Amino acid sequence: MTAGRQPRPVVLLRPIPGTSPIHELWAGTKLVVVLALSALMAFYPDWVPIALTSILIVVAIRMARIPRGVVPSVPTWLWILLLLGGVTAALAGGAPELHLGSVDIGLGGFLKFARITVVSFVLLALGAMVSWTTNVADVAPAVARLGRPLKFFRVPVEDWAVALALALRAFPMLLDEFRLLHAARRLRPPPVLTSRRAQRRRWAIELVDLLAAGITVALRRADEMGDAITARGGTGQISAAPSGPRRADWIALAITGAVCVVSVALQMTVLSGI
């Protein structure tokens, strides 16, 4: 009897070992690319921008040599929800219509649902690729460099950059701690309860215990991180590392800009009359 294949967990905010042209790009360049493509998908969520953005992401993934093993497994319940959503959206009908004899089937609702679903997957792939190729320590200096013009308006850019860096560093640690707490909870023998009231009371007690343990772990991790930051010179050192774009970054920004311009131009000229 063979065991079933284990689902692959979600791995984020941890760069994949190795080097590639995508790994060596400046973190600020990746943030600008994500912002530009996200704005493109928000204002023009049509098939041509989606196709061009998907091609760009696929090329970047191949250049970054991201293995298939880091892609998380999609749970079955998510596919069921997508199927139910597609069937429900198809009931709305609308143009275009498919003619099958004397029956007209409107595909407008289904196509809109499919387009929104594909946009969501494209944006998730874009964010995952950036997290798999970017060191968390490089994000804060990049944010401080990009937000430097905002200092004219007395915006605390360095403080925002430090807060973002600390959040990105703490998230993987807390996620591992919560997984450990959940595994320890599952190892405990289930209590024998005879009434529904006792079951609800036990569930509430366990929820409070898990929340208290999670808060304790978060405070302990925060104390350890604070001591480490103090030993290394304070929070100012987090965003003070020198960083900036290079030649490859300008090429990547130019390619991204070309994709955005071509997508908008096709959407507003050629495809606007279709």
Side-chain angles (χ1 to χ4, degrees), residues 5-38 40-41 50-75 118-146 161-162 164-180 221 224-225 228-229 232 237-260:
R5 181 178 298 178
Q6 295 293 329
R8 295 187 296 270
V10 178
V11 180
L12 293 177
L13 302 178
R14 290 179 179 176
I16 297 174
T19 182
S20 69
I22 306 299
H23 283 77
E24 296 176 357
L25 289 177
W26 180 46
T29 301
K30 300 176 187 179
L31 295 178
V32 173
V33 170
V34 170
L35 179 62
L37 295 180
S38 300
L40 177 65
M41 293 290 99
I50 292 173
L52 294 178
T53 304
S54 301
I55 293 173
L56 183 63
I57 294 175
V58 169
V59 172
I61 290 175
R62 295 297 299 270
M63 293 179 62
R65 294 188 290 271
I66 296 177
R68 296 182 180 180
V70 301
V71 180
S73 301
V74 180
V118 174
V119 167
S120 302
F121 278 106
V122 168
L123 294 179
L124 286 175
L126 179 63
M129 187 199 65
V130 173
S131 68
W132 290 332
T133 59
T134 308
N135 194 344
V136 178
D138 298 333
V139 175
V143 172
R145 177 71 180 272
L146 292 175
V162 170
L164 177 62
L166 294 179
L168 293 178
R169 291 186 180 186
F171 181 77
M173 293 188 299
L174 293 179
L175 188 60
D176 292 339
E177 291 289 348
F178 287 137
R179 286 176 177 172
L180 182 61
R221 285 291 189 176
E224 294 175 354
M225 185 177 294
I229 293 174
R232 295 180 181 180
Q237 300 297 323
I238 297 178
S239 61
S243 64
R246 294 177 294 182
R247 181 179 180 182
D249 297 290
W250 294 115
I251 295 175
L253 292 175
I255 295 174
T256 304
V259 169
C260 295

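Note: hydrogens, waters and symmetry copies are ignored here, and every other heavy atom, side chains too, is used. This is a predicted model, so every value here is computed, not measured.
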When you measure from the side chain of [X] to the backbone N and O of [Y], does any donor-acceptor pair fall under 3.5 Å?
X	Y	result
Arg145	Pro245	no
His23	Pro17	no
Lys30	Ser131	no

Min side-chain heavy-atom separation [X]-[Y] under 4.5 Å:
X	Y	result
Leu253	Val33	yes
Val119	Leu123	yes
Arg62	Val59	no

Going from [atom1] on [X] to [atom2] on [Y], what distance comes out if it is rounded to the nearest 0.5 angstrom?
X	Y	atom1	atom2	result
Thr19	Arg65	OG1	CZ	7.0 Å
Ile50	Ile55	CD1	CD1	12.0 Å
Leu146	Thr29	CG	OG1	8.0 Å

Testing the basics here: between [X] and [Y], what is the closest heavy-atom pair and its distance to 0.1 Å?
X	Y	result
Glu24	Arg246	O-NH2, 2.7 Å
Ile22	Ala60	CG1-O, 3.5 Å
Leu31	Val143	CD1-CG2, 3.8 Å

- Task: Report the residue from Thr53, Leu52, Thr256 that forms a side chain to side chain contact (heavy atoms under 4.5 Å, CB included) with Leu40.
- Result: Thr53

